[in-house]
Amino acid sequence: MPSLPDTAKAPVPEQRKGGPVVSVRDVEHTYGGRGRGAESVTALGPVSLEIPAGEFLVLVGPSGCGKSTLLRLIAGFERASSGEVEVFGERPEPGNQAGIVFQQPRLFPWRTVGDNVGLALKYAGVPRPERAERTAELLERVGLADTAGRRIWQISGGQQQRVAIARALAGGKRLLLLDEPFAALDALTRERLQEDLRTVSAETGTTSVFVTHSVDEAVFLGTRTVVLSARPGRVALDIPIGLPRTGTGPDELRGLPEYAALRAEIGTAVRDAAR
Ligand SMILES: Nc1ncnc2c1ncn2[C@@H]1O[C@H](COP(=O)(O)OP(=O)(O)OP(=O)(O)O)[C@@H](O)[C@H]1O
Ligand SMILES: [Mg+2]
């Protein structure tokens, strides 16, 4: 498997070592309600979470419980109505601290697949002579080696989502936020990308927050799963996933008795949360 760009392995600044990568303290979030008669929706909270470096945290919970809201708060796209969010000890600013993969890929449709990834490498400070090779490596990693020259509007939705993942990896951030990135993919592509993402996270130690509706995906990918209750989402279950991160194939992993036990426990919590 090709190695990641050096930018993806950049050292964490000295002052940030030791503390959590993400700290969410007593956070509540309410949308709207400012104008006269405007209805407000309390989407989330109160929620408190600390996410240490290297954690792969998977967020699960019923539709509308505030998962994307929590991700947007961590990304800095929204400011919490109350409570505090810190990323690497600072107030999050959009695009600064985290690489983001949305439910829908957000790409430059008129540019080629390769250009979309190459631009992310440029913004990450990778020198021009290295970009072509790095782009090829990243596209290979997400199974798009043959599509570098095609334009975004000429590839499928699933392929676009893979370009979005390659772009997030190219950014070289120490934190990745992924909002149901595999939801629109066919089962085989999804499994392949799950395996890739698991390997990438184990190799690089990148801290990740990953939203999904799939309990199996939560157990397969995570080092920890947090189940949110129905809106406004609160932490209903916070459970470590102590499965081996390397050296165990996907089938072997899914065959472990601990795997089945975790699936059952998380599945029950998700069903209870939806009631
Ligand atoms: N910009 C907004 N303005 C008003 N309400 C919003 C806004 N964004 C989200 N909401 C509401 O806040 C609640 C939480 O939304 P959010 O998108 O965080 O849920 P979610 O858990 O990600 O759901 P899903 O699993 O369906 O993606 C929902 O009731 C939603 O309708
Ligand atoms: Mg969502």
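Side chains are part of it too, since the values below use all heavy atoms of this structure and drop only hydrogens, waters and symmetry mates. Order of appearance sets the numbers: ligands from 1, and atoms from 1 within every ligand.
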In ligand 1, the atoms that come under 4.0 Å of a heavy atom of Ala43 are 12 (O), 13 (C), 14 (C)
Query raised in the report: Does the side chain of Thr30 pick up a donor-acceptor pair with the side chain of Thr42 at under 3.5 Å?
Result: yes
To atom 21 (O) of ligand 1, the nearest of Glu39, Arg72, Lys67 on a heavy-atom basis is Lys67
When distances are taken from atom 23 (O) of ligand 1, the protein heavy atom at minimum range is Gly64 N, 2.8 Å
Note on the Mg ion (ligand 2): protein N/O/S atoms within less than 2.8 Å are Ser68 OG
Using 30° and 60° as the class boundaries, would you call the ring planes of Phe220 and Tyr259 parallel, tilted or perpendicular? perpendicular
- Message: Closer than 4.0 Å and a protein heavy atom, does any atom meet both conditions relative to atom 9 (C) of ligand 1?
- Response: yes
query: Quick one: do the Ser201 and Arg245 side chains pair a donor with an acceptor below 3.5 Å?
result: yes
Any heavy-atom pair between the side chains of Val58 and Val226 that's under 4.5 Å? no
Discussion item. Taking distance alone, with N or O pairs closer than 3.5 Å, would you say Gly66 contacts ligand 1?
Written reply: yes
So the atoms of ligand 1 within less than 4.0 Å of a heavy atom of Thr69 turn out to be 14 (C), 15 (O), 16 (P), 18 (O)
Between the CG atom in Leu139 and the CD atom in Glu137, the distance rounded to the nearest 0.5 Å is 10.5 Å
For Glu180, the atoms of ligand 1 under 4.0 Å from one of its heavy atoms are 25 (O), 27 (O)
If you scan protein heavy atoms around atom 17 (O) of ligand 1, the nearest is Ser68 CB, 3.7 Å
With side-chain contact (heavy atoms from CB on, under 4.5 Å) as the criterion, how do Thr206 and Leu175 come out once you've worked through the C-alpha distance, each side chain's angles and the decisive distance to 0.1 Å? CA-CA 6 Å; Thr206 305; Leu175 174 65; 5.9 Å; no
*Looking only at distances, please establish whether an N/O atom of ligand 1 is found under 3.5 Å from an N/O atom of Gly61.*
no
- request: Could you tell me whether Arg190 and Glu217 have a side-chain N and a carboxylate O separated by less than 4.0 Å?
  value: yes
Glu55 and Thr207: side-chain donor and acceptor closer than 3.5 Å?
-> no
Looking only at protein heavy atoms, what sits closest to atom 26 (O) of ligand 1 is Ser63 OG, 2.6 Å
Quiz item: Heavy atoms of the protein only: does one fall short of 4.0 Å from atom 31 (O) of ligand 1?
Solution: no
of all protein heavy atoms, closest to atom 4 (C) of ligand 1 is Tyr31 CB, 3.3 Å
- Any Lys/Arg nitrogen of Arg254 or Asp216 sitting under 4.0 Å from an Asp/Glu carboxylate oxygen of the other? yes
Output for pair (Thr212 OG1, Leu59 CG), nearest 0.5 Å, gives 10.5 Å
Among non-hydrogen protein atoms, atom 29 (O) of ligand 1 lies closest to Arg231 CD, 3.2 Å
Q.
Looking at Glu84 and Arg91, is any side-chain nitrogen of the basic one under 4.0 Å from a carboxylate oxygen of the acidic one?
A. no
query: Does the distance from a Lys or Arg side-chain N to an Asp or Glu carboxylate O, for Arg79 and Glu93, drop under 4.0 Å?
result: yes
